Structures are given as structure tokens and as C-alpha cells.
Q: 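Right, I'll just put the structure down here and ask away after.
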Amino acid sequence: LLILHGIGFHSYPYGKISKYIENDSVLVYAIDLPGHGLSGTHRGVIESNNDIFTSIDSLIRLIEGENKYSDIYLMGVSMGSVYALASAMNDSTASHLSGLILIGSPLRVHRSQIVHFDNISCIFPLIFNRKRPFLYLDGRRLESSVNDKEYIDERRADSLSIHYLSM
């Protein structure tokens with residue numbers, strides 16, 4: 001199982017999953033996507049989607065090389081699910097995958113999430129100052145999407161998480 005995290009997050013917290021499902025027949029891998037966690041690139045900057053797809057494909061091939069006859073499942077969470085789906089649609093990657101697990105996939109966004117007062121405040125930074133932070137990932141949006149107070153507190157205190165976005 002290869003896990004792809006969501007935007008602003010990283011792979012470390014998914015180690016908890018491995019404690020529950022990893023055994024002799026299931027191995028859990030996770031990656032810090034470029035621009036996130038300890039990926040080795042500038043945190044918060046995603047230069048290109050190609051960098052992300054190359055990282056995913058390289059890790060899939062590494063997993064396959066270490067586990068010749070194993071099935072490989074790609075699990076994506078939120079933004080990671082978009083990359084997982086796009087990777088699975090790539091013929092060269094798809095041929096190495098046995099399946100997908102998509103969690104919190106933003107494939108269809110409800111109009112209430114688009115037509116929202118907070119989104120109006122995003123327009124001005126997009127037009128006038130693309131480097132100014134305009135979207136806080138662990139603010140009210142996090143509270144409205146997660147019910148686990150402990151998770152919210154850990155996310156806010158996490159030094160590897162990205163706490164805001166700019167364009």
C-alpha cells in the first residue's frame with residue numbers, strides 16, 4: 001500500500017496506519033510529495049505536477065522491485081487522491097497497480113464550498129499579490145471538515161505541515 005497525503009500535509013502521521021495493517025502480507029509505504037514534509041524540495045512550493053508524478057512512479061517501481069509478486073495499491077487522501085487517480089490513468093503507471101483507494105477525493109465539489117464568503121477573500125491575493133498567504137489550511141476550514149479535536153491540535157502544532165497557501 002502506497003499512501004499519498006493531502007495538501008499541506010506529509011507522510012509521517014500515516015505511520016499510525018501501518019501499526020494496524022502492516023504484517024507479513026501487507027507493507028505500507030508513504031511519500032512526502034514534492035513541496036511537502038521532508039521531500040527535499042522547498043516546502044510549500046510545487047514546481048510542477050510532473051515532479052509529483054515522477055516521484056510517485058519512481059516509488060511504485062521501487063516497491064515493485066522489492067516485492068516482485070505483490071499487488072500494489074495506491075491510496076490517496078484529499079489532494080493525494082487526485083494524484084493517485086491521475087497516476088492510475090497513466091498507462092505506464094497503471095500497469096503496475098492492482099487498485100486505488102481514494103479518501104476525501106475532491107473530484108466533485110459542492111457549490112456551497114465554492115460560493116462561500118471565505119472564498120471572496122482569495123480573489124484579491126490571486127490578482128494583486130500572489131505570494132501573500134490567502135488560504136489557511138488549519139483554520140476554520142479544518143475545523144469544519146474534521147471532528148477530531150486531538151487531530152486538529154496535532155495538525156496545528158505539526159512543524160512539517162504547511163499551514164497556509166499562496167499562489
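Note that the structure is predicted; figures quoted are calculated from it, not measured.
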Q: Shortest non-hydrogen contact from Val26 to Ile21?
A: CB-O, 3.5 Å

Q: Please report the shortest heavy-atom distance between Gly35 and Ser39, naming the atom on each side.
A: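 Smallest interatomic distance, heavy atoms only, reads N-OG, 3.3 Å.
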
Q: What's the spacing between Phe9 CZ and Leu33 CG if we round to 0.5 Å?
A: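 One gets 12.5 Å once the value is rounded to the nearest 0.5 Å.
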
Q: How long is the span from the CG atom in Asp57 to the CG atom in Asn50, to the nearest 0.5 Å?
A: 11.5 Å

Q: Is the shortest side-chain heavy-atom distance between Tyr29 and Asn67 below 4.5 Å?
A: yes

Q: How close do Arg155 and Ile7 get, counting heavy atoms only, and between which atoms?
A: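 Here Arg155 and Ile7 meet closest at NH2-O, 3.4 Å.
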
Q: Is Tyr14 linked to Val82 within one hydrophobic cluster, defined over Ile, Leu, Val, Met, Phe, Trp and Tyr using a side-chain heavy-atom separation of less than 4.5 Å?
A: no

Q: Quick one: pull up CZ in Arg61 and OG1 in Thr93 and give me the separation to the nearest 0.5 Å.
A: 6.0 Å

Q: Mind listing the closest non-hydrogen atom pair of Arg43 and Leu160 along with its distance?
A: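 Closest pair (atom of Arg43, atom of Leu160, distance): CD-O, 3.5 Å.
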
Q: Please answer whether the main-chain N or O of Tyr73 pairs with a side-chain N or O of Ser98 as donor and acceptor at a distance below 3.5 Å.
A: no

Q: For a side chain to side chain contact (heavy atoms under 4.5 Å, CB included) check, start with the C-alpha distance between Met75 and Ile3, then their side-chain angles and the critical distance, and finish with the verdict.
A: CA-CA 5 Å; Met75 181 178 105; Ile3 301 173; 3.8 Å; yes

Q: Between NE2 of His10 and CG of Leu38, what distance do you get to the nearest 0.5 Å?
A: 8.0 Å

Q: For Ser55, is there any backbone N or O sitting under 3.5 Å from a side-chain donor or acceptor partner on Ser58?
A: no

Q: Specify the closest pair of heavy atoms between Leu100 and Ala84, including all atoms of both residues, with the distance to one decimal.
A: CD2-O, 3.7 Å

Q: Under the 3.5 angstrom rule, does the side chain of His96 hit a backbone N or O of Ala94 as a donor-acceptor pair?
A: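 No, His96 side chain to Ala94 backbone: no donor-acceptor pair under 3.5 Å.
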
Q: Pair Asn90, Phe53 - check side chain to side chain contact (heavy atoms under 4.5 Å, CB included), show working.
A: CA-CA 10 Å; Asn90 178 329; Phe53 292 123; 5.9 Å; no

Q: Under 4.5 Å between side-chain heavy atoms, counting indirect links through other Ile/Leu/Val/Met/Phe/Trp/Tyr residues: same cluster for Val45 and Ile52 or not?
A: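 Each belongs to a different hydrophobic cluster.
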
Q: In this structure, would Ile103 and Ile17 fall into the same cluster of hydrophobic residues linked by side-chain contacts under 4.5 Å?
A: yes

Q: For Ile31, does its backbone N or O pair with a side-chain atom of His36 as donor and acceptor, under 3.5 Å?
A: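 Such a contact is absent between His36 side chain and Ile31 backbone.
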
Q: Quick one: pull up OH in Tyr151 and CG in Leu142 and give me the separation to the nearest 0.5 Å.
A: 6.0 Å

Q: Keeping the roles fixed (side chain from Arg156, backbone from Asp138), state whether a donor-acceptor pair exists under 3.5 Å.
A: yes

Q: With no hydrogens and no angle check, just 3.5 Å: does a side-chain donor-acceptor pair link Tyr12 and Asp32?
A: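 The answer is no; no qualifying pair exists.
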
Q: Check the hydrophobic clustering (I, L, V, M, F, W, Y; side-chain heavy atoms under 4.5 Å; chains of links allowed) and say if Ile72 and Val28 are grouped together.
A: no

Q: Counting only heavy atoms not in Asn147, do more than 12 sit closer than 6.0 Å to its CG atom?
A: no

Q: Leu74 pairs by side-chain contact (heavy atoms from CB on, under 4.5 Å) with which of Ile101, Leu1, Leu2?
A: Leu2

Q: With side chain to side chain contact (heavy atoms under 4.5 Å, CB included) as the criterion, how do Ile56 and Leu4 come out once you've worked through the C-alpha distance, each side chain's angles and the decisive distance to 0.1 Å?
A: CA-CA 8 Å; Ile56 294 167; Leu4 306 178; 3.7 Å; yes

Q: What's the separation between atom OG in Ser161 and atom CG in Leu137, rounded to the nearest 0.5 Å?
A: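 So the OG of Ser161 and the CG of Leu137 are separated by 8.5 Å.
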
Q: To check you understand the geometry: which heavy-atom pair defines the closest contact between Ser78 and Gly6, and what is its length?
A: CB-CA, 4.2 Å

Q: Does Lys16 come within less than 4.0 Å of Glu154, counting only side-chain N to carboxylate O?
A: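 Counted as a salt bridge, because a side-chain N and a carboxylate O are separated by less than 4.0 Å.
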
